[in-house]
Peer 1: 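Mind looking over this structure? Questions follow.
Letters go in sequence order (proteins before strands), and every chain restarts at 1.
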Amino acid sequence: MKVLVAVKRVIDYNVKIRVKADHSDVDLTNVKMAMNPFCEIAVEEAVRLKEKGVATEVVAVTVGPKAAQEQLRTALALGADRAIHVETDDKVESLAVAKLLKGVVDEEQPGLVILGKQAIDTDNNQTGQMLAALSGMPQGTFASEVKVEGDSLQVTREIDGGLQTVSLSLPAIVTTDLRLNEPRYAKLPDIMKAKKKPLETKTPADYGVDTGSRVTLLKVESPAERKGGIKVGSVDELVDKLKNEAKVL
Amino acid sequence: MNFSLTDDHRALQQAAADFAYAELQAHAARWDAESHFPIDVIQRAGEAGFLGIYIPEEFGGLGLSRLSASLIFEQLAQGCISTTAYLTIHNMASWMIAQWGEPAVHEAWLPKLIEGRALASYCLTEPGAGSDAANLRTRAVKDGDAYVINGSKMFISGAGATDVLVVMARTGDVDSGAKGISAFLVPADSAGITYGKNEEKMGWKSQPTRLVNFDDVRVPVEHRLGDEGDGFKLAMRGLDGGRVNIASCSLGAAQLALTLSRDYLQTRKQFGHELATFQALQFKLADMATELASARLMVRHAAWRLDQGDPEATAHCAMAKRLATDMGFQVCNEALQLHGGYGYIKEYPLERLVRDTRVHQILEGTNEIMRVIVARRLFAEGMIEAMQA
Ligand SMILES: Cc1cc2nc3c(=O)[nH]c(=O)nc-3n(C[C@H](O)[C@H](O)[C@H](O)COP(=O)(O)OP(=O)(O)OC[C@H]3O[C@@H](n4cnc5c(N)ncnc54)[C@H](O)[C@@H]3O)c2cc1C
Ligand SMILES: Cc1cc2nc3c(=O)[nH]c(=O)nc-3n(C[C@H](O)[C@H](O)[C@H](O)COP(=O)(O)OP(=O)(O)OC[C@H]3O[C@@H](n4cnc5c(N)ncnc54)[C@H](O)[C@@H]3O)c2cc1C
């Protein structure tokens, strides 16, 4: 079975986010970038499936600028066999990414597509779902466990009330949650070998997808600074404050 | 002139940062407190490729440049300075074995050293010969197809926990100086080797430092590295890279100290304002960053000279080691100061950074000896003029 893994280049999760002075967007100049942590989990799961002999090939795909090759190389170092880079400098929204991935799916015919449940930059949580709708494949989102059993896939999902297990027929789409696995780190020899693995470059036009924005970003602001807490004297005072000040009761 | 790192460099840096985060950072304080040598983690470092960084590929190493090694050690040191410093010594000693060992020695040891199944120590210093290492007294006397080694080595990093010793010993006359020294690979469990106690040190506590005694220790002739009489030269060749590596550990320490200081100044309030608003402290942070940036340029430049096989690389490595290790200690100490009383207590890592970086000014040649090395070259014809190139 071929597994397709989507990875995204985002701001490194360790970096403190700065908003541009004109509030037009987050400032990305000279900021350290990395693979989205949920995508790392997706790559790890795919590589584990290959190590178990379930997957025969792992293909990593990204949509993004030239520099996003770095993240594909990381995926290759972690164990992906080859990579596809749909190169564009546009700020690509989830729907366009899903359409591009649909194009890749049509070409590659993977048995399983694994994506992060969301990317930590825009936190949209929709690309996987959109891809499912466009491709007609069943989806298991927020996965904390994935098991391939013959032609079907058991996906344990993290939902509000606890865990839900769904059975999907393959080919299918999985989006990863934090507890699915703990990603490995890349080994230096594998980084060197990754340079020699095939990386194919495509453009959105190759898939006939228009990456123009459907959404206008009006303004980006840093969250309001947290004010120091206070100590309340009694339960009554707490209830009073929750009712009358915070207005949550 | 292009100062930008390549994609490869950045990938290696990232891999080292990931390893530091996953395997070192969370444990460094405990290893320090418990004087614990994390052999299991060092083995994983081997599996991840960090133990044969610049050993040529034909011998199973990664064959990376010294510049890449510097970038890697700078990142690893941000996880744990002391453990990373040991990794640098292992890399240096293993590289010497790869460079000058006989094929049989390669076969027996290199795969293990590169994969972390065996660890190495570098044995030059003696109780009576530190800075004046060329005056060392340990003897290696040929007896048939073996050498018999007698003497002792002081301050040996990793000793007692390592498997191989690279030993510099005198094969010439008592007063034969640098030219009478040869280098040997000595299995650490050879009959006649005994170890002193683990020295109680100020820093570098996650690795043992011991005296090693050699009492009629026999090693086969094939264990000699290079020719008889070349040992001191080989030891110094090893140290050129070693100094860049130790300097890189100081860069990592200073980088971490600077990061912690920035964050602290932005959160800590006194006199009704964040410390970051006081110009005196802004200036301090600016100076720390400036000194780190200059040392980093110097270290990477020296590494590059080494990669080029530049005949003056030794002097450049010495300058870089002097500058970067002085800078590393000062910046960590300033960072401690910026943290006020919190810098002095072990709940924060600053005091450990200060303790760990202090020895970088002393070992692999003291910073005074770095000046001796540089000054010696400065009086060579045309050297000062050539520095502009
Ligand atoms: C934690 C630790 C780990 C070590 N690990 C190793 C190891 O793995 N392998 C190894 O071989 N060695 C190791 N060393 C030894 C280290 O390299 C020596 O301590 C160092 O070279 C200095 O030698 P010394 O201690 O004998 O000091 P000395 O040589 O006695 O120097 C004392 C002082 O005099 C100064 N001085 C000496 N000569 C001159 C001169 N001509 N001009 C100006 N100043 C001078 C020195 O700079 C120093 O300040 C280690 C040391 C430490 C502390
Ligand atoms: C081992 C130890 C024992 C101690 N014993 C006692 C004791 O017995 N009794 C007691 O009362 N206290 C004691 N202290 C506390 C000590 O006096 C304080 O740590 C010290 O006054 C600094 O305060 P701070 O730690 O809050 O640092 P901060 O005040 O937060 O200072 C942090 C840094 O900012 C600098 N800074 C702050 N404001 C300014 C400014 N306006 N301009 C320029 N720089 C500024 C400081 O110089 C420092 O470098 C002790 C501390 C230690 C570590």
Peer 1: Select one option (side chain, backbone, both, neither) describing which atoms of B:Glu57 are under 4.5 Å from chain A's heavy atoms.
Peer 2: neither
Peer 1: Between B:Asp7 and A:Arg73, is there a side-chain N and carboxylate O pair less than 4.0 Å apart?
Peer 2: no
Peer 1: For B:Glu107, is the CD atom crowded, meaning more than 12 foreign heavy atoms sit under 6.0 Å from it?
Peer 2: no
Peer 1: If you take all heavy atoms of B:Ala15 and A:Leu188, which pair is closest and at what distance?
Peer 2: CB-CD2, 3.8 Å
Peer 1: What residue in B:Leu12, B:Asp8, B:Ile72 has the most heavy-atom pairs under 4.5 Å with chain A?
Peer 2: B:Asp8
Peer 1: Could you go step by step and tell me if B:Gln266 and A:Lys16 meet the side chain to side chain contact (heavy atoms under 4.5 Å, CB included) rule?
Peer 2: CA-CA 12 Å; B:Gln266 285 177 325; A:Lys16 265 197 199 143; 3.7 Å; yes
Peer 1: Out of curiosity, A:Gln71 CD to B:Gln14 CD, how far, rounded to the nearest 0.5 Å?
Peer 2: 8.5 Å
Peer 1: What is the minimum heavy-atom distance between A:Pro189 and B:Ala48, and which atoms define it?
Peer 2: CD-O, 3.6 Å
Peer 1: In Å and rounded to the nearest 0.5 Å, what is the CZ to CG distance from A:Arg184 to B:Asp18?
Peer 2: 13.5 Å
Peer 1: Rounded to the nearest 0.5 Å, how far does CG of B:Leu64 lie from CE of A:Met192?
Peer 2: 4.5 Å
Peer 1: Check the surroundings of atom CD in B:Glu58: do more than 12 heavy atoms from other residues, nucleotides or ligands lie under 6.0 Å from it?
Peer 2: yes
Peer 1: Tell me the closest heavy-atom pair linking A:Lys187 and B:Glu47, and the distance in Å.
Peer 2: CD-O, 3.4 Å
Peer 1: So with a 6.0 Å cut-off around OH of B:Tyr342, is the heavy-atom count from everything else above 12?
Peer 2: no
Peer 1: Under 6.0 Å from the NZ atom of A:Lys147, do we count more than 12 heavy atoms belonging to anything else shown?
Peer 2: no
Peer 1: Among B:Ala22, B:Gly49, B:Ala11, B:Ala16, which residue has the highest count of heavy-atom pairs closer than 4.5 Å to chain A?
Peer 2: B:Gly49
